[in-house]
Amino acid sequence: MRDNTDNIAISVRGVSKIFDEGVNAFVALDNVSLDIGSNEFFTLLGPSGCGKTTLLRLIAGFEQPSQGQILLNGENLEQLPPFKRPVNTVFQNYALFPHMTIAQNIAFGLEMLGRPRQEINSTVDEMLELVQMKALADRRITQISGGQQQRVALARALAPKPKVLLLDEPLSALDLQLRKDMQIELKRLQLETGITFIFVTHDQEEALTMSDRIAVMQGGHILQIGSPRDIYEHPQHRFVAGFIGEINLLRATTGKATPEGLELRLGEMRGLEAKAKKQVSSGAKLTLAIRPERILLAGQDKEPLTGKLTNVVYHGTDTLYHFDLPDGQAMRARRQNSDKTGPEWKIGDTISWSAKPDSIAVLED
Amino acid sequence: MSNGTKHVGNARHWPGMLLATAFFFAYVYLPIVILIALSFNENRTVTVWTSFSFDWYKMAFQNRDIINAAGNSLLIATVASTTATVIATLAAVRMSVDNFRGKTVFSGLIALPITVPEIVPAVATLMFFASLGVTLGLGTVIIAHIAFCIPFAYLPIRARLEGMDPRLVEAATDLYASPVKAFFKVTLPLLLPGILSGMVLAFIISLDDFVTTFFLGGAGSTTLPIYIFGLVKTGVTPEVNAISSLMLLLSISLVSLSLFLGRDQSRK
């Protein structure tokens with residue numbers, strides 16, 4: 001992980017955004033603070049209405065914060081209208097100029113900046129090369145496909161060499177295969193150009209694949225910021241755990257402290273242990289989160305914990321086992337299909353399971 | 001659903017459909033077709049066909065009064081439609097970028113004159129000029145034409161603006177275009193088909209106008225419709241047919257142009 005404290009590109013400080021007034025007032029962002037490092041691929045992840053796009057529009061300058069300030073390389077952006085901010089946006093629907101060719105679209109920003117013609121031409125060439133659209137330079141926007149429009153939108157926003165590139169769900173209009181290709185492409189562009197990317201998405205897979213760090217947002221708040229691995233492995237919040245990937249959320253009570261950490265009880269069943277970060281008194285109720293693929297399944301009596309199989313779903317690369325705990329809580333475990341046949345467990349069978357202490361997250365609600 | 005509903009969507013299955021269609025087109029277009037045919041009639045008596053000739057067109061083009069009237073018509077229509085289009089464009093852009101109290105009411109008020117009987121503003125404007133002691137002539141006609149042309153120019157421009165993605169202007173300002181530059185580089189070029197379409201529509205409305213011109217005209221402001229009206233009073237000659245046919249041709253060309261310019265190019 002990179003060090004973000006020395007070299008901060010965007011600093012959001014105590015920013016709130018309230019739309020409308022009186023009874024219609026809507027708090028889109030509530031006292032949000034975060035720092036985004038230079039050269040970082042930073043993702044704002046959350047469901048629609050969580051405030052991620054609003055935050056992006058505040059950084060671009062299309063909206064003004066109701067409270068707080070946004071700094072770019074230490075400079076307050078408050079007084080700067082969008083056309084004076086060294087920040088460019090890739091819009092969700094691309095917003096390419098339909099009356100211009102691809103080359104003219106890419107040149108637009110540079111022309112507005114009053115760069116000399118020669119420099120504009122060479123930069124446009126460079127950008128066309130970068131997004132592999134050289135052959136189509138003189139086509140009109142209406143004559144190219146969605147994926148190609150996506151590339152032009154990227155080239156247009158990158159051409160003026162902004163300090164920060166803002167991307168507002170740019171892949172959501174593409175079909176699955178193209179979306180996967182573009183994820184790799186975007187990451188490549190970010191590494192090649194060294195520009196800070198701020199990427200907005202509701203797609204957790206997209207966020208995990210591309211980001212250096214992710215901020216998970218809900219209801220105008222940032223719930224957790226961390227690397228993809230950090231967010232996936234150590235969710236601190238029930239919402240974060242549920243929003244990213246599949247997870248089992250279990251009600252448990254604490255037992256006594258152990259050398260490894262903390263003993264946990266699922267109903268009457270013992271034998272589960274978690275690494276406890278903070279002191280929890282014995283008998284306290286809490287929520288556990290365990291990823292389905294971190295549960296180790298075995299036949300009857302081989303592991304300390306038990307369950308009764310309720311469903312088996314074959315997925316090709318893996319198989320999903322649904323089972324009920326003795327106290328009635330439902331769980332899912334994912335098992336890699338590492339051989340052709342797999343275990344011969346049937347619905348109704350009792351199986352046993354375990355999970356390593358570091359695979360279990362103890363959550364705040 | 002019963003079987004009987006199966007063909008409801010297809011008009012061919014309605015009894016008498018063909019007859020009704022034929023009647024409709026004959027009712028609307030037959031008089032016009034006859035007028036055009038008779039404009040090529042050699043005979044001086046309007047209703048009796050003898051042989052084909054261009055004589056009446058030649059006569060019309062040699063008639064100084066007709067040339068003057070046509071000149072007035074074109075002058076009034078050009079000035080009125082251009083001025084009205086500028087005002088309508090400003091109004092439409094303002095209405096689209098801004099939300100203000102009473103916006104719906106204002107939008108309605110701009111388009112309202114289309115539904116008001118033309119005689120009302122014509123008489124009102126006449127009284128207005130009379131009370132100011134202004135001499136009626138080309139100037140007063142042009143001023144009145146500008147007023148009634150505005151809503152006709154406004155509607156296509158507004159429609160075009162509604163169909164325009166507001167993100168395009170945002171994208172322009174994001175790419176370092178000041179609001180003024182964004183307007184001239186993005187909004188105006190994209191709006192141009194709507195503006196031209198509105199202008200052509202306003203031009204035709206002004207060209208065809210009789211009531212307002214009749215009330216507010218004076219010496220030297222005779223337009224083609226007014227001149228034709230004068231001719232008809234003294235008896236219809238094939239010359240009237242010839243001028244009418246030419247005006248029809250011009251109107252149809254301009255309406256086609258307006259539709260052509262206003263079509264949605266963004267859809268494939």
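So that the names make sense, note that chain A is the first sequence line, chain B the second, and so on, each numbered from 1.
Of the inter-residue distances, the one linking A:F91 atom CZ with B:R167 atom CZ reads 7.0 Å to the nearest 0.5 angstrom. A distance of 9.5 Å separates NZ of B:K185 from CD of A:Q104, quoted to the nearest 0.5 Å.
Contact of A:V87 with chain B is made through the backbone alone, with heavy-atom distances under 4.5 Å. Neither the backbone nor the side chain of A:R140 comes within less than 4.5 Å of any heavy atom of chain B. Of the two parts of B:A182, neither the backbone nor the side chain holds a non-hydrogen atom closer than 4.5 Å to a non-hydrogen atom of chain A. Both the backbone and the side chain of B:D174 have a heavy atom closer than 4.5 Å to some heavy atom of chain A.
Interface residues of residues 108-134 of chain A toward chain B, defined by a heavy-atom distance below 4.5 Å and sorted by number: A:F108, A:G109, A:M112, A:L113. Using non-hydrogen atoms only and a strict 4.5 Å limit, the part of residues 71-83 of chain A facing chain B consists of A:P82, A:F83. Residues of residues 159-168 of chain A placed with any heavy atom under 4.5 Å of a heavy atom in chain B are listed by number as A:P160, A:P162, A:D168.
Open room surrounds CG on B:L18; 12 or fewer heavy atoms of other groups in view lie less than 6.0 Å from it. A 6.0 Å sphere centred on CZ of A:R188 holds more than 12 heavy atoms belonging to other residues, nucleotides or ligands. At most 12 heavy atoms of other shown residues, nucleotides or ligands fall within 6.0 angstrom of atom CZ in B:F61. For B:K103, the NZ atom counts as densely surrounded, since its 6.0 Å shell holds more than 12 non-hydrogen atoms of other residues, nucleotides or ligands.
Ranking B:P166, B:P189, B:A171 against chain A, the residue ahead of the rest is B:A171, based on heavy-atom pairs under 4.5 Å.
Annotation: ring-ring contact (aromatic ring centres under 6.0 Å, His included) contacts involving residues 119-146 of chain A, sequence neighbours excluded, are absent.
The side-chain heavy atoms of B:D165 and A:P98, taken from C-beta on, include no pair separated by under 4.5 Å. By the 4.5 Å heavy-atom criterion applied to side chains, A:F97 and B:L190 are not counted as neighbours.
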